[in-house]
There are 2 protein chains.
Amino acid sequence: MPLNPVSRIRRFNRAVTTETGVLDQSFLGRGRPLGAARVLNAIGPAGRAVSDIRAFLDLDTGLLSRLLRSLEDEGLIDVTEDRKDKRRRFAVLTPEGHREYEAYEALSNDRAQALLDRHPHPEQLLAAMDLIASALGRDRIEIVESDPHSAPAIHCLESYYAELAARFAMGFDPAKAARLDSDDMRPPRGVFLVALSDGLPSGCVGLKGTDKGYAEIKRLWVAPSARGLGLAKRLMTEAESHARTMGVTTLRLDTNSALPEAAGLYQRLGWNEIDRFNDDPYPDLFFEKRV
Amino acid sequence: MPLNPVSRIRRFNRAVTTETGVLDQSFLGRGRPLGAARVLNAIGPAGRAVSDIRAFLDLDTGLLSRLLRSLEDEGLIDVTEDRKDKRRRFAVLTPEGHREYEAYEALSNDRAQALLDRHPHPEQLLAAMDLIASALGRDRIEIVESDPHSAPAIHCLESYYAELAARFAMGFDPAKAARLDSDDMRPPRGVFLVALSDGLPSGCVGLKGTDKGYAEIKRLWVAPSARGLGLAKRLMTEAESHARTMGVTTLRLDTNSALPEAAGLYQRLGWNEIDRFNDDPYPDLFFEKRV
DNA sequence: TATTTTATCTGACTTTAGTCAGTTAAGTTT
DNA sequence: AAACTTAACTGACTAAAGTCAGATAAAATA
């Protein structure tokens with residue numbers, strides 16, 4: 001009986017394979033082999049370098065070459081040479097290619113929407129999907145420098161504030177927290193890092209420059225769907241290495257004892273508890289690390 | 001930014017497609033095309049009728065015929081004719097075929113196990129997978145007659161008792177509940193139905209024969225991962241139709257007001273509330289329906 | 001500058017998957 | 001028993017995917 005964990009995963013695999021098979025079938029409905037459709041999709045509205053497509057789809061150079069030509073013959077793409085390096089080529093969608101691309105997008109989106117519409121608890125379904133996608137994609141999580149006012153950064157920060165509000169007995173009001181000047185978390189004074197798991201903002205951390213002889217780590221957050229994957233550690237390590245390259249030798253941070261995982265992490269990463277160094281209302285634990 | 005529901009589903013699809021692609025690649029590592037591997041897997045240790053394989057994998061008769069022969073030539077399967085209907089053929093694994101089958105199983109199982117091992121909350125991951133598999137497979141949920149002592153039935157019943165224990169303020173002790181003779185839920189006196197979603201027991205209901213001029217509906221349960229898919233209604237409808245074919249005209253059931261979804265369902269399905277008709281300690285609501 | 005490496009393309013394949021019309025033999029229906 | 005239906009097989013295809021050994025031109029390196 002399929003009660004053991006491995007059987008449950010395999011049942012999941014079967015269900016999902018069937019689903020993707022159906023989608024592939026509907027892709028064929030546009031009169032083009034799947035290989036060509038995949039290349040069109042990989043190029044995307046922004047265009048893409050040919051070598052990049054090859055790496056992404058893991059195709060043989062000859063095969064990709066022919067697929068690109070077939071799309072070109074259909075009038076869906078243009079392939080031009082790279083100005084900097086004339087060996088390289090770059091594929092972009094023509095207006096007609098854009099339309100075709102959107103048609104494929106619509107097929108995928110409609111299917112996703114249909115699944116959503118007929119589920120009684122869409123938010124639960126989406127949370128489950130986020131969790132699984134993060135578990136499967138943990139090796140593909142990338143950490144990127146991001147402006148603190150960019151959409152993914154704002155998403156992370158708002159999730160972070162919402163979580164603090166839920167976990168602090170006294171609640172949390174971002175307006176009451178210490179003012180944070182975004183310029184302090186932009187180069188050259190600091191940096192704001194966002195972790196993207198297959199495009200989903202899944203964590204963040206800010207390195208905030210000060211004029212007091214140290215920099216601060218702020219706003220460390222990891223999405224529930226990505227917890228336990230070692231992402232907090234990666235974010236901290238990246239932030240520290242940014243600090244090092246900026247010539248900072250002392251880092252400080254504050255946190256709250258209502259977030260025991262956080263304090264534990266800082267200790268494991270070699271931070272030392274120090275005395276209160278600011279008068280923010282929310283933190284009650286203070287750490288320092290020399291890098 | 002991928003914060004909207006459809007983008008989240010598509011991110012999930014990408015992650016899962018990558019994962020299944022990797023598994024397919026590892027299947028190719030055994031030196032056999034995917035088609036043949038799929039047929040071997042579809043045959044399984046118990047063997048399978050050729051027509052059955054064809055329907056399951058949706059293959060052309062000619063194609064399957066050749067795939068079967070290639071497996072036969074490899075010495076992995078035997079195809080024999082059906083005794084009852086000599087047009088039909090039946091495929092079984094040879095000892096060597098069993099070994100090869102197990103090798104494929106091991107590839108899948110190891111991957112599943114690896115995913116589990118490196119996840120911080122395996123039970124949460126599995127629950128997410130169950131939920132998604134049920135959502136995707138809702139059209140494939142089948143309701144089968146099952147002995148009340150069979151493994152899937154026991155799984156459902158134990159989950160049901162655990163849930164009652166959690167939801168009743170006074171707890172729930174199966175030993176204190178009204179004795180249930182399994183024979184009353186076996187033909188010809190009654191029936192026990194289990195809902196299987198891609199093999200996972202996801203719901204149950206019992207029709208219990210009595211000598212009092214009515215039959216009782218007992219143990220209606222739907223797994224959390226399958227709720228909202230209309231499964232409870234399907235189970236009730238099937239149980240009622242079994243009652244009808246058994247010549248029963250009056251059905252009764254008892255439930256508890258701590259399970260408001262249940263009472264609501266019974267009302268929607270045309271049941272009428274009646275006075276207490278037994279002295280079980282747990283129920284406080286009683287219903288009747290004429291069929 | 002000569003040599004090596006890299007990115008892409010071309011031609012000539014092979015393998016896999018899939019289609020389809022027709023055949024055979026065994027059941028089913030009339 | 002004749003006519004029909006069904007399950008599986010065969011032969012003759014096509015399309016799609018993938019492989020591989022050069023060829024070519026543009027960098028990169030020695």
Side-chain angles (χ1 to χ4, degrees), chain A residues 17 20-22 24-43 47-74 76-92 104, chain B residues 17 20-22 24-43 47-74 76-92 104:
Chain A
T17 305
T20 50
V22 172
D24 283 354
Q25 279 304 109
S26 81
F27 269 32
L28 287 176
R30 296 202 65 75
R32 199 169 288 111
L34 266 182
R38 252 183 233 122
V39 171
L40 191 71
N41 175 72
I43 293 173
R48 195 157 187 181
V50 168
S51 58
D52 209 4
I53 302 172
R54 184 171 40 249
F56 180 67
L57 297 178
D58 190 29
L59 290 174
D60 173 85
T61 100
L63 183 50
L64 177 56
S65 202
R66 272 174 268 260
L67 288 171
L68 286 172
R69 174 138 65 245
S70 84
L71 290 170
E72 229 175 347
D73 291 348
E74 277 195 271
L76 300 180
I77 65 170
D78 280 328
V79 184
T80 57
E81 66 180 16
D82 189 308
R83 220 148 304 127
K84 285 179 169 179
D85 180 343
K86 291 193 202 156
R87 291 169 305 180
R88 308 181 127 252
R89 311 238 288 146
F90 196 87
V92 290
Y104 281 110
Chain B
T17 306
T20 49
V22 172
D24 283 354
Q25 279 304 109
S26 82
F27 269 33
L28 287 176
R30 297 203 64 77
R32 199 169 289 112
L34 268 181
R38 253 184 233 121
V39 171
L40 191 72
N41 176 70
I43 293 172
R48 195 157 187 182
V50 168
S51 58
D52 210 3
I53 302 171
R54 183 167 45 247
F56 180 69
L57 297 178
D58 190 28
L59 290 174
D60 172 84
T61 101
L63 183 51
L64 178 56
S65 203
R66 271 174 268 260
L67 287 170
L68 285 172
R69 174 136 64 245
S70 83
L71 289 170
E72 229 176 345
D73 291 347
E74 278 195 89
L76 300 180
I77 65 170
D78 280 327
V79 184
T80 56
E81 67 179 16
D82 190 308
R83 220 148 305 127
K84 284 178 168 181
D85 180 344
K86 289 193 205 158
R87 291 169 307 178
R88 309 181 126 252
R89 310 239 286 148
F90 195 87
V92 291
Y104 281 111

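First the proteins, then the strands, lettered A, B, ... as listed; each starts at 1. Just so we're clear, the structure is a prediction, and the values are computed from it rather than from any experiment.
- In this structure, CG on A/D24 lies 7.5 Å from OG1 on B/T17, to the nearest 0.5 angstrom.
- Between the CG atom of A/L34 and the CG atom of A/L67 there is a distance of 11.0 Å, given to the nearest 0.5 Å.
- Checked against salt bridge (charged side-chain N to carboxylate O under 4.0 Å, His left out), B/R87 has the following partners two or more places apart in sequence or in another chain: B/D85.
- Side-chain atoms of A/L28 and A/Q25, non-hydrogen and from C-beta on, do get closer than 4.5 Å to each other.
- Annotation: the span from A/F90 atom CZ to A/D52 atom CG amounts to 8.5 Å, rounded to 0.5 Å.
- Chain B approaches DNA chain D within less than 4.0 angstrom (heavy atoms of the protein), and the contacting nucleotides run 5' to 3' from D/dT6 to D/dA12.
- Expressed to the nearest 0.5 Å, how far CG of A/L63 lies from CG of A/L68 amounts to 9.5 Å.
- Between B/L71 and B/V79, every side-chain heavy-atom pair lies at or beyond the 4.5 Å cut-off.
- Residue A/R54 places at least one side-chain N or O under 4.0 Å from the OP1 or OP2 atom of C/dT8.
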Show each protein N/O and nucleotides 27-30 of chain C N/O combination with a separation under 3.5 Å, one pair to a line.
unit_1, atom_1, unit_2, atom_2, d
C/dG27, OP1, B/K86, N, 2.5

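- Of the possible polar contacts, one joining the B/R48 side chain to the B/A42 backbone as a donor-acceptor pair under 3.5 Å is found.
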Q | Contact letters for nucleotides 10-20 of chain C, in which S counts primed atoms plus P, OP1 and OP2 and B counts the base, heavy atoms under 4.0 Å | A | BBB---SSBBB
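- The side-chain heavy atoms of A/V92 and A/T80, taken from C-beta on, include no pair separated by under 4.5 Å.
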**Q.** Secondary structure of DNA chain D in dot-bracket form (Watson-Crick or G-U wobble, distances below 3.5 Å, | marking inter-strand pairs)
**A.** ||||||||||||||||||||||||||||||
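- Checked against salt bridge (charged side-chain N to carboxylate O under 4.0 Å, His left out), B/E74 has the following partners two or more places apart in sequence or in another chain: B/R32.
- Side-chain contact check for A/V39 versus A/L59: some heavy-atom pair is nearer than 4.5 Å.
- For the residue pair A/I53 and A/A91, the shortest heavy atom distance occurs at CD1-CB, 4.3 Å.
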